[in-house]
Amino acid sequence: MRPKLGRDYIIRQAYEFEGPVIQDLYKDTLIDPLDWAAPLDASWVMAVNPDKPEYYAVLNLVASKPIGRLEMLRVSPTVGKRLKACIVRDIIHYSLLTLKAYGCQAVTGASEQPLVSTFGKVIQRHFKGQPIGEFTGYLARL
């Protein structure tokens, strides 16, 4: 049976106290050791199980005009291939609608390396996005 939005997962804004949950999704990465205890702002979107405390994916959106950004897409390694495909598509769609409502005219995106092709395919196929180049991201603690 194909996973279905609303039945198998929901996409929603992260609650301000869910920093440790996001930290857990980024376990064993450079982002994991950051302090996630402080309340989150409204820039995190999550895919979660509607009935039990299971967290499937997270995406950071940066609303800025005229160009918004989707960054830091991370999907739990426990999520199956079919569910993952549906979640990635829907979390991006939700985030693009949010940025459009904010007034963004365009959006750029970045995700972790294993998801780059999936992220790019969703943007290209479903939203007629075009690659603008290849990038390598860096993290520096402030």
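When a residue number appears, it is its place in the shown sequence, counting from 1.
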Handout entry: Fellow cluster residues of Y15, listed by chain then number, with links counted only when side-chain atoms sit under 4.5 Å apart
Key =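 Cluster partners of Y15: F17.
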Taking all non-hydrogen atoms of both residues, which atom of [X] and which atom of [Y] are closest, and how far apart?
| X | Y | value |
| --- | --- | --- |
| A14 | I22 | CB-CD1, 4.5 Å |
| C86 | P3 | SG-O, 4.0 Å |
| G129 | Q124 | O-CG, 3.3 Å |
| Q13 | Y94 | N-OH, 3.6 Å |
| A57 | L25 | C-CD1, 4.1 Å |

Exercise for the section: Check whether V62 and I31 end up in the same hydrophobic cluster, where Ile, Leu, Val, Met, Phe, Trp and Tyr are linked by side-chain heavy atoms less than 4.5 Å apart. Expected result: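 No: no chain of side-chain contacts under 4.5 Å links V62 to I31.
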For residues 41-53, please give each side-chain donor-acceptor pair under 3.5 Å, one per line with the distance, not counting sequence neighbours.
from: D41; atom 1: OD1; to: S43; atom 2: N; distance (Å): 3.1
from: D41; atom 1: OD1; to: S43; atom 2: OG; distance (Å): 2.6
from: S43; atom 1: OG; to: N60; atom 2: ND2; distance (Å): 3.1
from: N49; atom 1: OD1; to: D51; atom 2: N; distance (Å): 2.7
from: N49; atom 1: OD1; to: K52; atom 2: N; distance (Å): 3.2
from: N49; atom 1: ND2; to: E54; atom 2: OE2; distance (Å): 3.3
from: N49; atom 1: ND2; to: Y56; atom 2: OH; distance (Å): 3.0

Problem - Those residues that, when tested against R89, pass salt bridge (Lys or Arg N to Asp or Glu O under 4.0 Å) (two or more places apart) - result: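 With sequence neighbours excluded, R89 shows a salt bridge (Lys or Arg N to Asp or Glu O under 4.0 Å) to no residue whatsoever.
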Handout entry: Test salt bridge (Lys or Arg N to Asp or Glu O under 4.0 Å) applied to E71 - qualifying residues, sequence neighbours left out
Key =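 Once residues adjacent in sequence are excluded, the partners of E71 under the salt bridge (Lys or Arg N to Asp or Glu O under 4.0 Å) criterion are R69.
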Practice task
Indicate yes or no: at least one non-hydrogen side-chain atom of I92 is less than 4.5 angstrom from one of F127.
Solution key: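 They are in contact (side-chain heavy atoms under 4.5 Å apart), so the answer is yes.
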Problem - Any residue meeting side chain to side chain contact (heavy atoms under 4.5 Å, CB included) with A63, in chain and number order, not counting sequence neighbours - result: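 Partners of A63 by the side chain to side chain contact (heavy atoms under 4.5 Å, CB included) criterion, ordered by chain and then number, come out as L99, Y102.
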Practice task
Working to the nearest 0.5 Å, report the span between CD1 of I87 and CD1 of I11.
Solution key: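 Spacing of CD1 (I87) from CD1 (I11) equals 6.5 Å.
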Problem - Spacing of S95 atom OG and L70 atom CG [to the nearest 0.5 Å] - result: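 Rounded to the nearest 0.5 Å, the OG-CG separation comes out at 5.5 Å.
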Problem - Within 6.0 angstrom of R125 CZ, more than 12 heavy atoms from elsewhere - result: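 12 or below, so no.
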Handout entry: salt bridge (Lys or Arg N to Asp or Glu O under 4.0 Å) contacts touching residues 73-85 (sequence neighbours left out)
Key =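 Those involving residues 73-85 are R74-E112.
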